[in-house]
*Asks:* 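The structure's right below; bear with me while I get my questions together.
Note on naming: letters A, B, ... go to the chains in the order of the sequence lines (proteins, then strands), and numbering restarts at 1 for each one. Computed from a predicted structure; not experimentally measured.
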Amino acid sequence: MTSRIADVLIPLALDTAYSYAVPEGLAVEEGDVVQVPLANREVAGVVWGMRDGQGGNLKKVTGVIEAPNLSPRMRKFLDWIAWYTLAPKGSALAMGLKIPDPDRQEVARVGVKLAGPPPKRMTPARQKVMEVAQDGTVRLKSELAHAAGVSAGVVNGLIDEGVLETVTLLAEPVAEMPDPAFGHTALSDGQREAADTLVAAMSEEHAPVLLLEGVTGSGKTEVYFEAVAEAVRNGRQALILMPEIALTAQFLDRFAARFGVKPATWHSGVTGRKRERLYTAIASNEVKVVAGARSALFLPYADLGLIIVDEEHETAYKQDDGVHYHARDMAVVRGKIENAPVVLASATPSIESRVNVERGRYRHVKLPERFGGRSMPQIRAVDLRKEAVPKGRWLSPTLVAAVEDTVARGEQALLFLNRRGYAPLTLCRACAHRYECPNCSSWLVEHRFRRSLVCHHCGHVERTPHACVECGSVDSLVPCGPGVERIAEEAAELFPDKRCIVLSSDFPGGTERLRTELAAIAAGEFDIVIGTQLVAKGHNFPLMTLVGVLDADIGLTSGDPRAAERTFQMLQQVTGRAGRGEKPGRALVQTWQPDHPVIAALISGDAERFYEEETRVREMAGLPPFGRLASLIVSAAEREAAEAHARAMALVAEPPPGVTVLGPAEAPLALIRGRYRFRLLVKTEREVDLQAYLRSWMARCPKIRGNTRVSIDVDPQSFL
DNA sequence: AGCACGCCGACT
DNA sequence: GTCGGCGTGCTC
């Protein structure tokens, strides 16, 4: 006798769907969320396929859970992600599935209001409730109890007696309907033309990918809002992806100015019931526009008609734990599957996107000038070989003069140094002992404010010692080199009456306080901002007219093949902070190598030339313009590491045709949290099934001895 | 993710 | 002797 069998994918790190028998009379369809027994517990999973067969020895589907059905397109997308990222299918599903918490269902919105005469038996608690309810307004049950300072039981008692009556409240809408005709921002000719191109792309049979490039302040947001408006007019959904930090009140206000309401937002801070409601409302096409961080890409949109990836070059789009993916690339794939146009917006597009434009895979839409006739900041180099900086100082006389000048006019200056802490290296004056991390052999960075030495690689923290741990000398520690804290000290000495603030990712007080301080800066409550990368993006500081880059050379010499590109983008972003308000801005870039291609391109403003040069350099080095970086991770005890390394190297030494493994052959192993890790650049022809190849690596080298294992991490930034 | 099984060090 | 640390493997 045959019966129906459901292949159910469970959102755990499992690579295959498990088969369950469907009991007679239970309606189960592909994409349904079902409850199934697994080992000794019940879990939720999604029906990935249905078939007929002999299901006698299988466990049975327990029931169907009331949750949005995952569409075939969504399942295809998740399958693709699992294949592409080498992640178990179940892990991919875990990103796109939210199971409603049955306990939360009870929190129904029940309102109560005064309905009858006072109760026969009056008590002090009841009296308080009556006083609050006297005005006759409808309140949530819990609110009324709280306002009266009594327990919910008292309110329930009054309801039973008929003194209060319950009113069913309509669920609070998760998001309001954006109105595409609400506000019309005046667009420049250039903006209008770009907007028309995007809108026209939305009615093409095969949805294209468009790279929207425009310098900082050219009004990209207003341009892609027109595409969003078109999606809403067509009754389809639009997703605006952005790096988490860019989801600011500023952005939401701009959206509201165009559409009359704020968009629904999705990020790690949206939790609980709100998260559930939003999830189902997106699945039922009630919510039209979602602005969200990368995880918003995995929501079950009913009818997705447009994806915007704002700041597409941002590395924050990479997810580096669990399933490794790059949200920008996955957005392109989802757009293909949903047949929705994808707009990649950036002032400094990534090399991959540029190459995709060159090869005709993406379309290029350019916005030439700053909006409102504002000019780009004037950028000048300060050649540190020619201009001496006083010993123990890091600001050149030219920069000091410029800062003085700027703050004297009541404008703001930004001093940019991409180094957290006080000093990147600390050593002992007496014995030259260098403070290193016990876990991962990198320098410990002194954080004077926290009185500790911190490893920026693995997070190890220890208290700054009084006496040298090696030779015992007291007060012998010497800081070497500058960090932002040290620059703040220098700025305080140079400009004692000016208000300075240091911003870095270890800002005390967390994101909340950081947001307040960013707003305070925008409001002009500080004169000098000293900051790391953090200040390069997101926030707008209208009073900032000077940006000083203290050391443009940082990062140019790191071994990362993408170092030049990343440094160029970062410097372009940070110098672009100047002059975004009424007054024109300028930037001073301190450097030891003004002729370096990155610095030269920055000064001349010729990004095009830089990208051409960079692409050529990579080709000469045998690197594809955008290849795949695979990290080979060897988990091994220290004494077994050498053998593990040798075994892994032997494996990668014989790649199949079409695959080239580019060094490092004798890479020094870096020990990070008990794992030796090294990176390999894998160059492949497009046709090669890299996934199959990498999987064969893992299959052929499952373990070396005991708990020594080899696994592969694929760098999410890669070709499509 | 949970949960069981199993192999080694510290002790009521 | 056992308690319990977590490393390893399995879940239709």
*Asks:* How long is the line joining OH of A:Y18 and C1' of B:dA1, in whole Å?
*Replies:* 12 Å
*Asks:* Got A:V36 and A:K59 here, is their nearest side-chain heavy-atom distance under 4.5 Å?
*Replies:* no
*Asks:* In whole Å, I'd like the distance from the CD atom of A:Q54 to the C1' atom of C:dC12.
*Replies:* 16 Å
*Asks:* Whole angstroms only, please: what is the CG-P distance between A:L38 and C:dC12?
*Replies:* 5 Å
*Asks:* Could you tell me the separation between the CD atom of A:E42 and the C1' atom of B:dG2, rounded to a whole number of Å?
*Replies:* 14 Å
*Asks:* Does a side-chain heavy-atom distance below 4.5 Å link A:P341 with A:L306?
*Replies:* yes
*Asks:* At 4.0 Å (heavy atoms only), tell me whether A:N40 reaches a base, stays on the sugar-phosphate, or touches nothing.
*Replies:* sugar-phosphate
*Asks:* Relative to each other, are the rings of A:F251 and A:F255 parallel, tilted or perpendicular (30° and 60° limits)?
*Replies:* tilted
*Asks:* Once you round it to whole Å, what is the distance between C1' of C:dC10 and CZ of A:R41?
*Replies:* 10 Å
*Asks:* Quick one: A:L12 CG to B:dG2 C1', roughly how many Å, whole number?
*Replies:* 8 Å
*Asks:* What class does the angle between the rings of A:Y325 and A:F298 fall in, given that below 30° is parallel, 30 to 60° is tilted and above 60° is perpendicular?
*Replies:* perpendicular
*Asks:* What is the nucleic acid contact for A:P37, judged by heavy atoms within less than 4.0 Å: base, sugar-phosphate only, or nothing?
*Replies:* sugar-phosphate
*Asks:* Between C:dC10 atom P and A:I10 atom CD1, what is the distance in whole Å?
*Replies:* 16 Å
*Asks:* What's the NZ-C1' distance between A:K59 and C:dC10, to the nearest Å?
*Replies:* 11 Å
*Asks:* Which part of the nucleic acid, if any, lies within contact of A:L14, taking any heavy atom under 4.0 Å across all strands shown: a base, the sugar-phosphate backbone alone, or nothing?
*Replies:* base
